[in-house]
Amino acid sequence: MSERAGGNGGSDAVGDANDERDGSGSDVSHARAALERRRTEVAARVDSLRRELDAVQRLRSENSDDDEHDPEGATTSQLWSQSVGILEAAQRELDDLDTAIRRLEAGTYGVCQRCGQAIAPARLEARPDATLCIDCARIAAR
């Protein structure tokens with residue numbers, strides 16, 4: 001699925017995705033920096049969410065009272081469910097960024113995994129972990 005349609009003999013996928021490439025590899029450097037910057041941000045968020053989840057777990061284990069009827073606000077069960085969901089989403093984003101970095105290293109970053117065409121630089125700027133061009137992403141969302 002990640003094979004390039006009509007392969008062009010190992011040309012640099014990031015270069016194909018960016019017509020302004022000057023041959024210096026600056027677009028690859030820019031992509032790598034953007035991916036690593038975003039990965040650092042998301043990894044810090046994952047760590048913070050894990051600490052938060054640990055705190056909620058401690059609260060749940062320390063509080064054996066029935067907090068389901070607590071008029072003061074969210075129950076620890078609600079906090080737990082919410083924290084787990086947010087952590088799972090952040091972990092998925094981190095995994096997607098790691099995959100994007102591997103694609104960059106393999107020379108397939110910036111190539112749509114569905115149609116093999118270049119992913120627009122603006123889309124990669126907005127979503128550095130994008131694996132589909134905007135047209136294929138619209139089709140996949142249906």
Side-chain angles (χ1 to χ4, degrees), residues 1-8 10-22 24-142:
M1 179 118 164
S2 65
E3 287 184 30
R4 299 193 51 192
N8 14 347
S11 72
D12 186 355
V14 177
D16 294 345
N18 185 347
D19 292 338
E20 298 175 10
R21 183 176 171 98
D22 60 7
S24 68
S26 62
D27 55 335
V28 173
S29 298
H30 177 74
R32 181 177 302 282
L35 286 167
E36 289 175 355
R37 185 173 43 253
R38 183 69 184 150
R39 188 192 187 287
T40 299
E41 293 167 2
V42 175
R45 191 169 76 228
V46 166
D47 289 342
S48 174
L49 289 166
R50 283 189 178 134
R51 286 191 301 275
E52 182 180 316
L53 196 59
D54 289 344
V56 172
Q57 178 61 36
R58 281 192 303 277
L59 182 61
R60 284 179 73 186
S61 65
E62 293 170 1
N63 185 6
S64 62
D65 297 339
D66 176 21
D67 71 348
E68 295 295 322
H69 301 95
D70 183 357
E72 298 301 316
T75 67
T76 53
S77 295
Q78 288 172 319
L79 289 172
W80 174 261
S81 294
Q82 181 180 24
S83 296
V84 166
I86 293 170
L87 175 60
E88 287 173 351
Q91 186 61 57
R92 274 191 307 275
E93 183 177 0
L94 188 60
D95 293 344
D96 289 347
L97 288 164
D98 287 339
T99 300
I101 291 169
R102 285 192 298 276
R103 284 194 323 270
L104 184 68
E105 292 167 353
T108 59
Y109 181 77
V111 175
C112 178
Q113 292 184 339
R114 185 170 182 270
C115 72
Q117 298 299 310
I119 299 172
R123 177 159 170 77
L124 291 172
E125 189 72 31
R127 296 216 33 209
D129 61 340
T131 60
L132 300 174
C133 67
I134 195 70
D135 292 335
C136 289
R138 284 184 183 128
I139 291 168
R142 291 183 195 168

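What you see is a predicted model; the values in this text were computed from it and never measured.
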How far apart are the closest heavy atoms of [X] and [Y], and which atoms are they?
| X | Y | result |
| --- | --- | --- |
| Leu104 | Ala31 | CD1-CB, 4.2 Å |
| Gly116 | Val111 | O-CG1, 3.5 Å |
| Val56 | Ser83 | CG2-OG, 4.2 Å |
| Cys133 | Ile119 | N-CG1, 3.9 Å |
| Leu132 | Ala140 | CD1-CB, 4.0 Å |

Run the salt bridge (charged side-chain N to carboxylate O under 4.0 Å, His left out) test against [X] and tell me which residues pass, sequence neighbours left out.
| X | value |
| --- | --- |
| Arg50 | none |
| Asp98 | Arg39 |
| Glu52 | none |

Quiz item: Would Trp80 and Leu59 count as a side-chain contact (heavy atoms from CB on, under 4.5 Å) if you check the C-alpha gap in whole Å, the side-chain angles of each, and the deciding distance to 0.1 Å?
Solution: CA-CA 10 Å; Trp80 174 261; Leu59 182 61; over 6 Å; no
Within the 4.5 Å heavy-atom criterion, are [X] and [Y] side-chain neighbours or not?
| X | Y | value |
| --- | --- | --- |
| Thr131 | Arg103 | yes |
| Leu87 | Val46 | yes |
| Leu97 | Glu36 | no |

Exercise. Could you list the residues that satisfy side chain to side chain contact (heavy atoms under 4.5 Å, CB included) with Ser81, not counting sequence neighbours?
Key: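 Ser81: no side chain to side chain contact (heavy atoms under 4.5 Å, CB included) contacts found.
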Quiz item: Residues two or more places apart in sequence or in another chain: which of them pass side chain to side chain donor-acceptor pair (under 3.5 Å) with Arg37?
Solution: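 Testing Arg37 for side chain to side chain donor-acceptor pair (under 3.5 Å), a comparison that skips the adjacent residues, returns none.
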If I take atom [atom1] from residue [X] and atom [atom2] from residue [Y], how far apart are they, to the nearest 0.5 angstrom?
| X | Y | atom1 | atom2 | value |
| --- | --- | --- | --- | --- |
| Gln117 | Ile134 | CD | CD1 | 15.0 Å |
| Glu88 | Asp95 | CD | CG | 11.5 Å |
| Asp96 | Leu35 | CG | CG | 11.0 Å |

Self-check item: Carboxylate-amine/guanidinium proximity below 4.0 Å for Arg102 and Glu105
Solution: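 Result for this pair is no, no salt bridge flagged.
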Quiz item: Between the side chains of Ser48 and Arg45, does any donor sit under 3.5 Å from an acceptor?
Solution: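 Their side chains do not contain a donor-acceptor pair, so the 3.5 Å distance test is not met.
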Quiz item: If you look only at pairs with a residue in residues 119-142, which of them pass as a salt bridge (charged side-chain N to carboxylate O under 4.0 Å, His left out), with sequence neighbours excluded?
Solution: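 Passing the test, one end in residues 119-142: Arg127-Asp129, Asp135-Arg138.
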Quiz item: Does Pro128 offer a backbone N or O that forms a donor-acceptor pair with the side chain of Tyr109 under 3.5 Å?
Solution: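 Answer holds: yes.
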